[in-house]
Amino acid sequence: EALTLPIRTRNLLAKAHGVMGHPSNAQLKRHLVVSGAHEKLVQAVELMRCDICEKVRLPRDPPSVGHSRVSRFNEVVSGDSFTIRLGTKRFWITHFVDALTTLHLGDAGIQVSSSFSADVLFETWIRPFGPPAQVYVDMGGEFRGSFERLARMFSMDVDSPPKSSKWKLLAERHGAPLIKIMVLRV
């Protein structure tokens, strides 16, 4: 219907839109109704598109590229295991990091297993703070079996990024400084 308006009327409508500071179509329509504009002109506003408004318009939906922001302690915890050599000895470190506070707790063992990871989560995290709502871990075998049973027992939601994912878990990013601290202490 906007195309049935004379070109001069369409240009005047576009000029009014610009002069008024690029109001939304609903606001411009309300102004026209209040000022007593013709019904056909008011309807034409619904079909009007402004290049400037389209360029500066905010996205309608937030992009779904990440997780929602954490707002409380123990809401989201990330876990990881890695190995470290100290002299001739080899140790496995399993550690967990809170997503809000980055509180970092873990333990070292001689070998990695799902029962060791479950014990570390229980003793260092669940016992003092209670079970976290969400636990992010990698897809390693140390987070299967006993670890999954513990998660079910405490109704924790356990999630893993796909192996093809390029982003790292919070615990993986915090693992490197942990290694440096441990090497310096020994």
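Side-chain atoms are counted along with the backbone in the values below, which use heavy atoms only and exclude waters and symmetry mates. Here the structure is a predicted model, which is why all the values come from computation and not from measurement. In what follows, residues are counted from 1 in the order of the sequence shown.
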Legend entry - Residue pairs involving residues 20-56 (criterion ring-ring contact (aromatic ring centres under 6.0 Å, His included); sequence neighbours excluded): His17-His22
Inset, instruction - Consider only side-chain heavy atoms of I, L, V, M, F, W and Y, link residues closer than 4.5 Å, and tell whether Val33 and Leu28 are in one cluster. - result: yes
Legend entry - Partners meeting side-chain contact (heavy atoms from CB on, under 4.5 Å) with Asp157 (sequence neighbours left out): Gln134
Inset, instruction - Taking the side chain as every heavy atom from C-beta outward, state whether Leu105 and Val97 have any pair of such atoms under 4.5 Å apart. - result: no
Inset, instruction - Report yes or no: does Asp80 contribute a side-chain atom to a donor-acceptor pair with the main-chain N or O of Val137 at less than 3.5 Å? - result: no
Legend entry - Pair Thr9-Leu41, side-chain contact (heavy atoms from CB on, under 4.5 Å): steps then yes or no: CA-CA 8 Å; Thr9 307; Leu41 187 64; 3.8 Å; yes
Legend entry - Val120 with Trp92, same ILVMFWY side-chain cluster at under 4.5 Å: no
Inset, instruction - Under the side-chain contact (heavy atoms from CB on, under 4.5 Å) rule, what do Leu32 and Leu13 come out as? Steps first, then yes or no, please. - result: CA-CA 10 Å; Leu32 291 173; Leu13 188 59; 3.9 Å; yes
Inset, instruction - Calculate, to the nearest 0.5 Å, the distance between atoms OG1 and CG belonging to Thr101 and Leu103 respectively. - result: 5.0 Å
Legend entry - Heavy-atom donor-acceptor pair, Asn25 side chain to Met48 backbone, under 3.5 Å: yes
Legend entry - Within 6.0 Å of CD in Glu54, more than 12 heavy atoms from elsewhere: yes
Legend entry - Within-4.5 Å side-chain heavy-atom neighbours: Ile93 and Ile84: yes
Legend entry - Donor-acceptor contact present, side-chain Gln43 to main-chain Lys40, <3.5 Å: no
Inset, instruction - Check Phe143 against Gly79 and note the closest heavy-atom contact, atom names and distance. - result: CZ-C, 4.0 Å
Inset, instruction - Provide the closest heavy-atom pair for Pro132 versus Val77 in the form atom of the first, atom of the second, distance. - result: CB-CG2, 3.6 Å
Inset, instruction - Report whether Val45 and Leu12 are members of the same hydrophobic cluster (ILVMFWY, side-chain heavy atoms less than 4.5 Å apart, transitive linking). - result: no
Legend entry - Any side-chain heavy-atom pair of Leu121 and Met156 under 4.5 Å: yes
Legend entry - Exercise: do Thr83 and Arg90 side chains pair donor with acceptor under 3.5 Å: yes
Legend entry - Polar side-chain atom of Ser114 near backbone of Arg144 as donor-acceptor pair, under 3.5 Å: yes
Inset, instruction - Indicate, with yes or no, if Phe122 and Val112 share a hydrophobic cluster defined by side-chain heavy-atom contacts under 4.5 Å among Ile, Leu, Val, Met, Phe, Trp and Tyr. - result: no
Legend entry - Approximate separation, where rounding is to 0.5 Å, of Ser115 OG and Glu142 CD: 11.5 Å
Legend entry - Non-hydrogen atoms of Val158 and Ala151 that approach each other most closely: CG2-CB, 3.3 Å
Inset, instruction - Apply side-chain contact (heavy atoms from CB on, under 4.5 Å) to Asn11 and Ile7, showing your working. - result: CA-CA 6 Å; Asn11 288 343; Ile7 188 107; 3.9 Å; yes
Legend entry - Test item: Ser117 side-chain N/O and Ser113 main-chain N/O as donor-acceptor pair under 3.5 Å: yes
Inset, instruction - With sequence neighbours left out, write down each residue that passes ring pair (Phe, Tyr, Trp, His ring centres under 6.0 Å) with Phe129, or none if nothing qualifies. - result: Phe73, Trp125
Legend entry - Close side-chain approach of Val135 and Asp159, heavy atoms under 4.5 Å: no
Inset, instruction - Measure the CG-CZ distance between Asp119 and Phe147 for me, rounded to the nearest 0.5 Å. - result: 11.0 Å
Inset, instruction - Mind checking the CG-CD1 spacing from Leu150 to Ile126? Nearest 0.5 Å is all I need. - result: 4.5 Å
Legend entry - Criterion side chain to side chain donor-acceptor pair (under 3.5 Å) on Ser81 and Thr94, from CA distance to verdict: CA-CA 4 Å; Ser81 291; Thr94 299; 2.8 Å; yes
Inset, instruction - Check the angle between the aromatic planes of Phe82 and His95 and answer parallel, tilted or perpendicular using the 30° and 60° thresholds. - result: perpendicular
